[in-house]
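The structure presented is a predicted model; accordingly, all values stated were derived computationally and were not measured. When reading the values below, keep in mind they use all heavy atoms of this one structure, side chains included, and skip hydrogens, waters and symmetry mates.
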Amino acid sequence: MSGIRAVGFVSSQLISRPQRSVYTLMHVTDWMPTLLHIAGGGDNHNTDLDGFNQWSTISSAQKSARQVSLCNVICLSKFAGTTKIKRYE
């Protein structure tokens, strides 16, 4: 699988399936809606945020809400970048 990979660590008593690895598509913009959901601040439908609430993916290994991610955009005189759709780049 290609793309950008990062290491993250989440620890909580709210996680129903602990001690596992998650290999799904997630973007940095997904953290804010996810943390708002955990704090009781509403879902994506009530906010104007770019990200997706990924709590069900993190806590109980459900399918990721994100299907597309744009990465490596260079805005000079020409557009250059890649789009990741599910497992394909």
Side-chain angles (χ1 to χ4, degrees):
M1 186 183 324
S2 64
I4 299 170
R5 297 180 186 174
V7 176
F9 178 80
V10 178
S11 178
S12 172
Q13 293 178 348
L14 300 174
I15 296 177
S16 60
R17 294 188 54 200
Q19 298 180 359
R20 63 185 169 77
S21 297
V22 177
Y23 299 99
T24 60
L25 189 60
M26 187 169 176
H27 191 265
V28 68
T29 59
D30 296 335
W31 280 111
M32 185 64 152
T34 302
L35 295 173
L36 282 173
H37 172 78
I38 296 168
D43 290 326
N44 292 352
H45 306 292
N46 301 332
T47 62
D48 292 330
L49 299 174
D50 291 333
F52 293 100
N53 175 7
Q54 297 278 30
W55 181 243
S56 61
T57 303
I58 295 169
S59 67
S60 58
Q62 292 183 14
K63 190 175 179 180
S64 176
R66 180 168 294 282
Q67 300 297 316
V68 177
S69 181
L70 178 65
C71 53
N72 194 25
V73 174
I74 302 169
C75 296
L76 298 173
S77 60
K78 296 181 181 180
F79 176 80
T82 61
T83 303
K84 187 167 181 75
I85 302 172
K86 296 183 183 179
R87 295 182 58 176
Y88 306 102
E89 194 168 335

*Which heavy atom in Pro33 sits nearest to a heavy atom in Asn53, and how many Å separate them?*
CB-N, 3.9 Å

*asked:* If you compare all heavy atoms of Arg20 against all heavy atoms of Ala61, which two are closest, and at what distance to 0.1 Å?
replied: NH2-N, 3.3 Å

_Between Trp31 and Met26, does the side chain to side chain contact (heavy atoms under 4.5 Å, CB included) criterion hold? Intermediate values first, please._
CA-CA 9 Å; Trp31 280 111; Met26 187 169 176; 3.7 Å; yes

_Spatial distance of atom NE2 (His37) from atom CE (Met32) [nearest 0.5 Å]_ = 15.0 Å

_Quick check against the 3.5 Å criterion: does Ser16 have a side-chain atom that pairs as donor or acceptor with the backbone of Ser59?_
yes

*Report yes or no: does Gln54 contribute a side-chain atom to a donor-acceptor pair with the main-chain N or O of Ser64 at less than 3.5 Å?*
no

_Tell me which pairs pass salt bridge (charged side-chain N to carboxylate O under 4.0 Å, His left out) where either residue lies in residues 30-40, with sequence neighbours left out._
Asp30-Arg66

*Criterion side chain to side chain contact (heavy atoms under 4.5 Å, CB included) on Asp50 and His27, from CA distance to verdict*: CA-CA 10 Å; Asp50 291 333; His27 191 265; over 6 Å; no

_Listed partners of Ile38 passing side chain to side chain contact (heavy atoms under 4.5 Å, CB included), at least two apart_ = Leu14, Thr34, Leu35, Trp55

